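Encoded as structure tokens, the structure appears first; notes follow it.
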Amino acid sequence: MLRRAMFRCGELCSRVFAVEFDLRAEPLYFTLSSSPQVLHHDHQRLFGDCGKLFSLHVQSENRIEKAQTHAQIKHKLSSTLSRDCDVFEASSFIPDDENSVVKGFFIRDKSTTTLSEDLLNTLRQSKTVCMFSYKREGQYCWQELWSPVSPVKESVRQYITPATAAKHHPSTLNIRNSDVFYSMDEAYKVLQECTDIIPESKAVLKLVDEQLEISSGDAYPVIVIEGLDATGKTTLTEALRESLNATLLKSPPQCLTSFRQRFDSEPPLIRRAFYALGNYITAAHIGKESLRAPVIVDRYWHSTAAYAIATAVSGRVENLPRLDSELYQWPGDLLQPNLVLLLTVNPEERLRRLRDRGQDKTVEEAELELNQLFRLKVEEAYKRIQNPACIIVDASPSPQEVLQQVQRLIRNKCHL
Ligand SMILES: Nc1ncnc2c1ncn2[C@@H]1O[C@H](COP(=O)(O)OP(=O)(O)OP(=O)(O)O)[C@@H](O)[C@H]1O
Ligand SMILES: Nc1ccn([C@@H]2O[C@H](COP(=O)(O)O)[C@@H](O)[C@H]2O)c(=O)n1
């Protein structure tokens, strides 16, 4: 199942391609056919413009290699290509078929140089990369396997055929066990697979192995505080610790702090597996500490899943997995808290708090808009997570008022 995402012989025609031409709109979808098809207006905007057109897709049986190659190519394309080249995220998938996505990029080169071809030629040496070029022919456009020298032998021209949106946005199809993990074993396996290239993985796995499972029967309540950065989690969790005489824990736990930067620089597959394992270590700490006192947790699985889903899903909030998707279900083997509170503040207040901390002053407008899209998706994903779902707390009032509001909730829900 995990290793399905490959172009197979003869399978190309059952696949849909999606190009993220404009992140605020639906991707442009197309399929391939042997007979010419007139392009729609939107497709004309992508294919009908001047310039050389290519797409490249990363495929490998080895998911670590695939993730790293994709990240390296992304970096190379953004750092090497000239301003006359547009690079769009692109994917190929079988509609509504989990794990069928082959990720890649679509390149539109309007320059007069051969820079993009030279770069693509280098990338093409890699056995994990498959490349296509696109050519216009009147109102039509066709795709064929690309080689810089001459057409690839036995390559068949296939005409671009506009397609309609699939029921599930393609970026949601590969989330399970690539971005979000639903059992410790699945996250554990990813780090096991990278011990050769990331030696720190061994130390992280050792820390996971060392945690003793402790049953949480007859324990004090466990309350998780969630929210985007600068919504006041640290301020509130410190205040709750004092007022409830509670133990304060975090996920990722302190013992993973020195590894965090290393894993943050890795592609989502590896980075997310690291945070997932962090939750299991924190769960073991919760199990132990909740026998002695109430436990407050600063970020837990809601954060891991919500950020992962919001990053994996491109474009608009509407592209998120549907409300009833299994992807929002809590992992069966992870200790459940008694209460999860999601702190929310309006974007202006949050920005003010970030600025007061000396952050976010230099972000440009375009980036702000993208951040805004991302924030909306994280918040929406938080709200969709189930078993347990979170209760939303308006964290805009003063710290004292937020504390009082939360204390009331804890009294009502946890009888503390
Ligand atoms: N209720 C509040 N009203 C006004 N300012 C607040 C409030 N709560 C926190 N702040 C201020 O907002 C800033 C961010 O708060 P805090 O560090 O508690 O957020 P956080 O959610 O823990 O952030 P991060 O996730 O980035 O660590 C701090 O400068 C803090 O003093
Ligand atoms: N349980 C968690 C906690 C954090 N993350 C990831 O870390 C980032 C936020 O952490 P801060 O220290 O800046 O608050 C966020 O991007 C998450 O991706 C996580 O996955 N799981």
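Since this is a predicted model, take the numbers as computed values, not measurements. Reckoned from all heavy atoms, side chains included, excluding hydrogens, waters and symmetry mates. As the structure lists them, so they are numbered: ligands from 1, and atoms in each ligand from 1.
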ring-ring contact (aromatic ring centres under 6.0 Å, His included) with Phe54: which residues, sequence neighbours excluded? Trp146
N/O to N/O below 3.5 Å, does that happen between Val402 and ligand 1? no
Geometric class of the Phe17/Phe30 ring pair [parallel <30°, tilted 30-60°, perpendicular >60°]: parallel
Between Lys52 and Ile107, is the side chain to side chain contact (heavy atoms under 4.5 Å, CB included) condition met? List the steps. CA-CA 8 Å; Lys52 293 163 269 184; Ile107 298 158; over 6 Å; no
Any N/O of Thr235 closer than 3.5 Å to an N/O of ligand 1? yes
Locate the shortest heavy-atom distance separating Pro397 from Val402; write the atom from each residue and the value. O-CG2, 3.5 Å
On a heavy-atom basis, the closest approach of Ser243 and Gln407 is OG-NE2, 3.1 Å
Which of the atoms in ligand 1, numbered in the order shown and given with their element, are less than 4.0 Å from a heavy-atom of Arg299? 25 (O)
Contact atoms of ligand 1, heavy-atom distance to Ser398 under 4.0 Å: 1 (N)
Within a distance under 4.0 Å of any heavy atom of Arg357, pick out the atoms of ligand 1 and give their elements. 14 (C), 17 (O), 23 (O), 24 (P), 26 (O), 27 (O), 29 (O)
Which residue is it: Ser251, Pro253, Pro252? I am looking for the one with a side chain to side chain contact (heavy atoms under 4.5 Å, CB included) to Ile281. Pro253
Quick one about Tyr220 and Asn338 (side-chain donor to acceptor, distance below 3.5 Å, no hydrogens or angles considered), yes or no? no
Taking every heavy atom of Gln59 against every heavy atom of Lys66, the minimum-distance pair comes out as CA-CD, 4.1 Å
Taking 4.0 angstrom as the limit and counting only heavy atoms of Thr234, give me the atoms of ligand 1 inside it, by number and element. 17 (O), 18 (O), 20 (P), 22 (O), 27 (O)
Test of understanding: with ring-ring contact (aromatic ring centres under 6.0 Å, His included), list the residues that count as partners of Tyr134, not counting sequence neighbours. Phe47, Phe106
Give the protein residues with at least one non-hydrogen atom closer than 4.0 Å to an atom of ligand 2, ordered by chain and number. Ser251, Pro252, Arg260, Arg271, Arg272, Tyr275, Asn279, Arg299, Tyr300, Ser303, Thr304, Tyr307
Examine the proximity of ligand 1 to Lys250 and report which part, side chain or backbone, both or neither, has a heavy atom under 4.0 Å away. neither
Proximity of Lys233 to ligand 1 by residue part, where a heavy atom lies under 4.0 Å: both
A side-chain contact here means heavy atoms from C-beta on lying under 4.5 Å apart; do Tyr307 and Leu228 qualify? yes
Under 4.0 Å, counting heavy atoms only: does Gly227 come that close to any atom of ligand 1? no
With nothing but distance in play, are any N or O atoms of Thr231 less than 3.5 Å from an N or O of ligand 1? yes
Could you go through residues 383-394 and list every donor-acceptor pair under 3.5 Å that involves a side-chain atom there, pairing it with any protein atom two or more places apart or in another chain?
{"from": "Arg384", "atom 1": "NE", "to": "Glu380", "atom 2": "OE2", "distance (Å)": "2.9"}
{"from": "Arg384", "atom 1": "NH1", "to": "Pro321", "atom 2": "O", "distance (Å)": "2.7"}
{"from": "Arg384", "atom 1": "NH1", "to": "Tyr328", "atom 2": "OH", "distance (Å)": "3.4"}
{"from": "Arg384", "atom 1": "NH2", "to": "Glu380", "atom 2": "OE2", "distance (Å)": "3.4"}
{"from": "Gln386", "atom 1": "NE2", "to": "Arg384", "atom 2": "O", "distance (Å)": "3.4"}
{"from": "Asn387", "atom 1": "ND2", "to": "Gln329", "atom 2": "OE1", "distance (Å)": "2.8"}
{"from": "Asp394", "atom 1": "OD1", "to": "Ser396", "atom 2": "N", "distance (Å)": "3.0"}
{"from": "Asp394", "atom 1": "OD1", "to": "Ser396", "atom 2": "OG", "distance (Å)": "2.7"}

What atoms of ligand 1 come closer than 4.0 angstrom to any heavy atom of Pro399? 1 (N), 2 (C), 3 (N), 7 (C)
